[in-house]
2 protein chains.
Amino acid sequence: MLTERQLLILEAIIQDYTDVGRPIGSKALERQLPMHVSSATIRNEMSVLERLGLVNKEHSSSGRVPSLKGYRYYVDNLVKPDAIDKQTLESIRTSFGSQFFKSDEILAESAQILSEMTNYTAIAFKPESKDVFLQGFRVMPMGKQRVMVILAMSDGTVESQIFNLPKHISGEELEAMVRVINDQVVGLPITQVVDKLQESIPLLLHYVHQPGGFLDVFGRILDKAAQDQFFIGGKLNMLNFVESGDIEQIKTLYSLIDRYDDINDLIGNSGENIQVKIGNELTNSSLANYSLISATYDVNQHGKGLIALLGPTNMPYSKMIGLLGTLREEVASRLLDYYNAYDE
Amino acid sequence: MLTERQLLILEAIIQDYTDVGRPIGSKALERQLPMHVSSATIRNEMSVLERLGLVNKEHSSSGRVPSLKGYRYYVDNLVKPDAIDKQTLESIRTSFGSQFFKSDEILAESAQILSEMTNYTAIAFKPESKDVFLQGFRVMPMGKQRVMVILAMSDGTVESQIFNLPKHISGEELEAMVRVINDQVVGLPITQVVDKLQESIPLLLHYVHQPGGFLDVFGRILDKAAQDQFFIGGKLNMLNFVESGDIEQIKTLYSLIDRYDDINDLIGNSGENIQVKIGNELTNSSLANYSLISATYDVNQHGKGLIALLGPTNMPYSKMIGLLGTLREEVASRLLDYYNAYDE
DNA sequence: CTTAGCACTTAGCCTTATTGAGTGCTAAGT
DNA sequence: ACTTAGCACTCAATAAGGCTAAGTGCTAAG
């Protein structure tokens, strides 16, 4: 267990390091701590903190830098979310436009706002859609041999794609086919749609000669739905924290952040309201200098979603946690407004 | 006018510099030129080339580096497109998959192929669509107060977007509205659609209370169509040529390459079959180290499109020009196959 | 016109101070 | 038993000097 003074020193080291980004020495702390103690005493305390693994030196005669374990300790025990002042809250609210045509826009906007306020990279996930089922399926002819396939999900999202029919199919055939598909898959959870259709191929063969192509279309549409589950704001801000000149790292980061699976693994939110992952707790080694704060938001029967912030390990956690705490409520309330306006 | 020997020297400097990336000195050239002359003679010739502005020194006692003007001269007068060997052609053809659901996929694929073959950044534009008009307009109800608006263009592309009706509108009202819009804008060039609708607001007011929102939707859909006019492959390869550590340049490049207008200005193709822009001929100063080769392709009545390659100024022009010359034909032929298969 | 020879220039690299911030340890003070 | 002044020591960062390799321009002779 740490003494009061040790806690103060740890906290001061972390705060200073967040500000200046350079190791903090005993003299600097001497000037700064609330109580007065000599630098020699501080040195002694710091060597205790170092033995506990909470701070490190960059070399044998440098000042101290918080270790990842130190940040962990700080986040778990010391950090207090900063309250959001009224002005900031106001500016968040005005930043959100007023009219939304799609729920996606709300999330894209919140990622944008979050990144602009912090100069970090922000990620906003749509509400978890594990209970989403296929609500409607239509095919709309668009000229001779071209149809638009439209899938409507129970969460209100709609995906569509044009595709060309390889063989001529008459209007009646098309209708019949649509009926078959409607019977088979409408009402199923979207994860099962493709599997179920696969089983129904014998039936479909009455109407289409290459049901494979047709299945592809479903697969594509649903993939697309899965890919558009999240929105990123301030992607470029990520680059501010690479060790300068490391083009390889930049490439890795960039290819990382565009893929849903990677991002999702990265966050791996355990359901806590607010979760902080620091440096090596992020599975990807290119992110050793980064921390990720994620916050879930709750939109009642529409499920739970998540917003997250990716910044350097030495970010101002209390400020960021406070901000994220506010933003998650804002996002939830915007989404609920949106759903309410149109559900009924 | 340059002598034969001067041409050979210029060409050798450019080729060497493409290979090694370091300034080329007189002794290195002495070993390499087809005829034998002493390094002193080469020095004399090089100083002529320098007076003409075709080569530069990096400092007073360094070897020579081709200047942008030198590259220009080389490209205009000396470069011969390399023939594509059979194996490469074969691999291009197999890289293109066989089945395409949308013409977009062909272009996305060709940008991909081009970037993988060159390790540069490739851009593929859809055929110029200035003659495209709005062919069909539909509104499909998707539940209580939600409709899907679908616009079909004469070039076969289709754009759709869901939107929520702010007030309840009855089925008949919707139908009537659709009829009005159909009368007013179907058949018009897409560039005029929004303007025309604006004029028709009085008419629409019979059916919709906020035609502004409705116009927004049209605007959005058409914007989206404009934005998806091009595809980029190997975006990350761009980063291989920034002066190391210049994060600002990376950011500029990245925000540049995502915007249609910027890319379009950049290429500013004058209609030539193959066009090369070198260094400062590219308007953006972040691209001083880059060259851009663009090649148009022709798909008859469907217009002309363009593929382009963005690489370092010291790229192997003859190879790249040869490659682009082949690829444009491949793209055109794939697209024509695609159009033919479905037009009739 | 070409070439050998020579004096000169420069980047890159290596080595060697110099400085400043910081540490650990010891011994004296409370 | 803590705390603190003092001191010797360490290390990164910077600057300054020297050396080398590659290259140049110029001159004078072939």
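Excluded from the calculations below are hydrogen atoms, water molecules and symmetry mates; all remaining heavy atoms, backbone and side chain alike, are included. Residue numbering restarts at 1 for every chain, and letters A, B, ... go by the order of the sequence lines.
The environment of NZ in B:Lys57 is crowded: more than 12 heavy-atom neighbours from other residues, nucleotides or ligands sit within 6.0 Å.
Side-chain proximity of A:Ser61 to the nucleotides D:dC26, C:dG22, D:dT4 is greatest for C:dG22. Proximity note for A:Thr41 (side chain, C-beta onward) versus D:dT10, D:dT4, C:dA4: the nearest is D:dT4. Of the candidates C:dG24, C:dA11, C:dT3, the closest approach to any side-chain atom of B:Asn44 belongs to C:dT3. Nearest nucleotide to the side chain of B:Met46, out of C:dT9, D:dT24, C:dT3: D:dT24.
Side-chain contact annotation: A:Glu50 with A:Asn56, donor-acceptor N/O pair under 3.5 Å absent. A:Ser38 and A:Thr41 share a side-chain donor-acceptor pair at under 3.5 Å.
Screening B:Leu256, B:Thr252, B:Leu292 for a side-chain contact (heavy atoms from CB on, under 4.5 Å) involving B:Leu287 leaves a single residue, B:Leu256.
Toward the 5′ end of DNA chain C lies the nearest nucleotide of B:Arg43, the other residue of the pair B:Ser62 and B:Arg43 mapping further downstream.
Rounding to whole angstrom units, NE2 of residue B:His59 and C1' of D:dA21 are separated by 11 Å. Rounded to a whole Å, the CD atom of B:Glu50 is 10 Å from the C1' atom of D:dT24. Here the C1' atom of nucleotide D:dT24 and the CD atom of B:Glu58 are 14 Å apart, to the nearest Å. Rounded to whole angstrom, the span from the CD atom of A:Glu45 across to the C1' atom of D:dA1 amounts to 14 Å. Rounding to whole angstrom units, CG of residue A:Leu49 and P of C:dG22 are separated by 17 Å. Taking atom CD on A:Gln6 and atom C1' on D:dT3, their separation rounds to 15 Å, with Å as the unit.
The phosphate of D:dT3 has neither OP1 nor OP2 within less than 4.0 Å of any side-chain N or O from A:Ser38. Listed pair A:Arg5 / D:dT3 meets the phosphate criterion, a side-chain N or O lying under 4.0 Å from OP1 or OP2. For D:dG25, one of the phosphate oxygens OP1 or OP2 lies less than 4.0 angstrom from a side-chain nitrogen or oxygen of B:Lys57.
Take B:Tyr317 and apply the ring-ring contact (aromatic ring centres under 6.0 Å, His included) test, not counting sequence neighbours, and it matches B:Tyr71.
Taking 4.5 Å as the limit, some side-chain heavy atom of B:Ile92 sits within range of a side-chain heavy atom of B:Met117. Residues A:Ile257 and A:Met238 meet the side-chain proximity criterion, which asks for heavy atoms closer than 4.5 Å.
A:Phe125 has its ring centre no less than 6.0 Å from the ring centre of A:Phe231.
Of all the residues in residues 8-35 of chain B, B:Gly25, B:Ser26 reach under 4.0 Å from DNA chain D with at least one non-hydrogen atom.
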Convert the base pairs of DNA chain D into dot-bracket notation, remembering that pairs crossing earlier ones are written with [ ] and that bases paired across to another strand are shown as |; include only Watson-Crick or G-U pairs under 3.5 Å.
||||||||||||||||||||||||||||||

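Across all non-hydrogen atoms, the minimal contact from B:Tyr290 to B:Leu253 is OH-CD1, 3.5 Å.
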